[in-house]
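All figures in this text were calculated on a predicted structure; none of them were measured in a lab.
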Amino acid sequence: MSKPTVNRTATVLLTALAPVSWGTTYAVTSEFLPADRPLFTGMMRALPAGLVLLALARVLPRGVWWGKAAVLGALNIGAFFPLLFLSAYRLPGGMAAVVGSVGPLIVVGLSAVLLGQRPTARSVLTGLVAAFGVSLVVLKAAGALDVVGVAAAFTSAASMSAGTVLTKRWGRPDGVGPLALTAWQLTAGGLLIAPFALLVEGAPPALDGPAVGGYLYLALANTAVAYWLWFRGIGRLTATQVTFLGPLSPLTAAVVGWAALGQTLTPVQLAGMALAFGATVAGQLGVRPTANRSFVPAEGSRRETSADLAGPALRQA
């Protein structure tokens, strides 16, 4: 195996840790956090993590990047978190995860428009298989579908997909690494959520020890580290490769539910896990993460070349 291949494999594996971490969110939320506080929880995931990373990076946006960071923070964090929690509260079973699993297909379409990457039959088929596999894993008994919940689930997937593609298109400013880019987005997203959390949900709830521990885990491991790995991966892989790692999140949630919460896994669910995982692996094969040359990036933005993408996998901010 050549060194570039080894480096790409390491990048994929490290990026995959992000959706694996996100798959633990449901268990932590249901077992340790106050109920019915999706906006507060979204703010507590994003804002402390963003401020910690901002203190570590010690770099603020400059020029047009104030606006770009705000847009990316709104798409990837500020809109995504509340919509995701809203859909989870309003939809039966794992329907929110099923609707959200169309994310890879949305990214394929947006990549064609914004990155000039032509959709292939393979990528579309792989996306459909991934969505079908996730549905077998998480979809429970039929229930009345809530239109608002379905709309929230789809919009959350579209928001994150658009943020992923725009993050790939815009790159980073010269001299700015993924740590700072992650800090900007988490801080902007958390600040966007904060006033809505106060207006809609009122004053913050009283927190006991388990709740404090749960929020610390969500803010640090589940958000700060996970999103840094995610945005780092976007810079080194194609947008399609990164988003095809998304099904690892509901798969991890199912495994955690089985191992830690005493939930059972049926043969149908196991078959779905195999399909979704196979689609995740297939989404990483046969793709060369080369830089897109169909557009000229804004002055001062850093775009990865093919040499950058195949370079040392552990280059940091």
Considering only heavy atoms from C-beta outward, does the side chain of Pro178 approach that of Trp228 to under 4.5 Å?
yes
Hydrophobic clustering (ILVMFWY, side-chain heavy atoms < 4.5 Å, transitive) - are Leu216 and Phe81 grouped together?
yes
Test side chain to side chain contact (heavy atoms under 4.5 Å, CB included) applied to Ala274 - qualifying residues, sequence neighbours left out:
none
Group every Ile, Leu, Val, Met, Phe, Trp and Tyr by side-chain heavy-atom contacts under 4.5 Å, then state whether Val113 and Ile106 land in the same group.
yes
Decide yes or no for Leu75 and Met160: does some side-chain heavy atom of the first lie under 4.5 Å from some side-chain heavy atom of the second?
no
State, yes or no, whether a side-chain contact exists between Met273 and Val255 at a heavy-atom distance under 4.5 Å.
yes
Report yes or no: do Arg45 and Thr223 form a side-chain donor-acceptor pair below 3.5 Å?
yes
Contacts satisfying side chain to side chain donor-acceptor pair (under 3.5 Å) that involve residues 243-260 (not counting sequence neighbours) are none
Quick one: do Arg236 and Thr15 satisfy side chain to side chain contact (heavy atoms under 4.5 Å, CB included)? Show the steps, please.
CA-CA 10 Å; Arg236 302 179 183 208; Thr15 307; over 6 Å; no
Would you compute the distance between atom CG of Leu248 and atom OG of Ser21 and round it to the nearest 0.5 angstrom?
12.0 Å
Ignoring hydrogens, what is the shortest heavy-atom contact between Leu237 and Gln241? Give both atom names and the distance.
CB-OE1, 3.6 Å
Main-chain N/O of Val59 paired to Trp184 side chain as donor or acceptor, under 3.5 Å
yes
Answer with yes or no whether the side chains of Thr164 and Thr167 bring together a donor and an acceptor at under 3.5 Å.
no
I'd like to know if the side chain of Thr126 reaches the main chain of Arg122, judged simply by a donor and an acceptor atom lying under 3.5 Å from each other, with no hydrogens or angles considered.
yes
Residue pairs passing the ring pair (Phe, Tyr, Trp, His ring centres under 6.0 Å) test with at least one member in residues 13-41, sequence neighbours excluded, are Trp22-Tyr227, Trp22-Trp230, Phe40-Tyr215
Quick one: does any side-chain atom of Ser111 pair with a main-chain N or O of Val108 as donor and acceptor, under 3.5 Å?
no
For the pair Arg8 and Thr11, evaluate side chain to side chain contact (heavy atoms under 4.5 Å, CB included) and give the outcome as yes or no after the intermediate values.
CA-CA 5 Å; Arg8 283 197 297 271; Thr11 299; 5.5 Å; no
Can you name the nearest heavy-atom pair linking Pro104 to Phe244, along with the distance?
CB-CE2, 3.7 Å
Does Trp65 reach the side chain of Val176, with side-chain heavy atoms less than 4.5 Å apart?
no
Less than 4.5 Å apart, any side-chain heavy atom of Leu218 and any of Met44?
no
Evaluate the criterion side chain to side chain contact (heavy atoms under 4.5 Å, CB included) for residue pair Leu54 and Leu60; output intermediate values, then yes/no.
CA-CA 8 Å; Leu54 197 61; Leu60 292 175; 4.2 Å; yes
Rounded to the nearest 0.5 Å, what separation is found between the CG atom of Leu114 and the CZ atom of Arg169?
6.0 Å
Check whether any side-chain N or O of Ser159 sits under 3.5 Å from a backbone N or O of Thr155 as a donor-acceptor pair, and report yes or no.
no
Just wondering, more than 12 heavy atoms not from Tyr217 lying within 6.0 Å of its OH?
yes
Output the distance between atom CG (Leu51) and atom CG (Leu56), rounded to the nearest 0.5 Å.
11.0 Å
Enter the distance from Ile234:CD1 to Leu72:CG here, rounded to the nearest 0.5 Å.
9.0 Å
Rounded distance (nearest 0.5 Å) linking atom CE of Met43 with atom CG of Leu39
9.5 Å
In short, side chain to side chain donor-acceptor pair (under 3.5 Å) pairs touching residues 187-203 with sequence neighbours left out are Arg37-Glu201
Hydrophobic cluster membership, with links at side-chain heavy-atom distances under 4.5 Å among I/L/V/M/F/W/Y: are Phe231 and Val52 in one?
yes
Do Leu207 and Pro205 have side chains that get closer than 4.5 Å, going by heavy atoms?
yes
Kindly give the cluster partners of Val256, where membership spreads through any ILVMFWY side chain lying under 4.5 Å from a current member.
none
Taking every heavy atom of Gly78 against every heavy atom of Ile193, the minimum-distance pair comes out as O-CG1, 3.6 Å
Would Thr9 and Val12 count as a side chain to side chain contact (heavy atoms under 4.5 Å, CB included) if you check the C-alpha gap in whole Å, the side-chain angles of each, and the deciding distance to 0.1 Å?
CA-CA 5 Å; Thr9 301; Val12 169; 5.7 Å; no
Please find the pair of heavy atoms, one from Ala112 and one from Pro119, that lie closest to each other, and give the distance.
CB-CD, 3.6 Å
If you measure from CD on Gln117 to OG on Ser123, what distance do you get to the nearest 0.5 Å?
9.5 Å
Taking the side chain as every heavy atom from C-beta outward, state whether Asn222 and Val28 have any pair of such atoms under 4.5 Å apart.
no
Nearest atoms (heavy-atom pairs only) where Leu53 meets Ala224:
CD1-O, 3.7 Å
How about Leu33 and Thr41: do any of their side-chain heavy atoms sit closer than 4.5 Å?
yes
Residues that Leu128 engages under side chain to side chain contact (heavy atoms under 4.5 Å, CB included), provided they are two or more places apart:
Leu105, Val124
Do Leu83 and Val200 belong to the same hydrophobic cluster, where Ile, Leu, Val, Met, Phe, Trp and Tyr are linked whenever their side-chain heavy atoms lie under 4.5 Å apart, directly or via other members?
no
Under a 4.5 Å side-chain heavy-atom rule over Ile, Leu, Val, Met, Phe, Trp and Tyr, are Leu84 and Phe196 clustered together?
yes
Is the side chain of Gln284 donor-acceptor paired with the backbone N or O of Val281 at a distance under 3.5 Å, no angle test?
no
Where do Ala49 and Leu186 come nearest, in terms of heavy atoms and distance?
CB-CD1, 4.0 Å
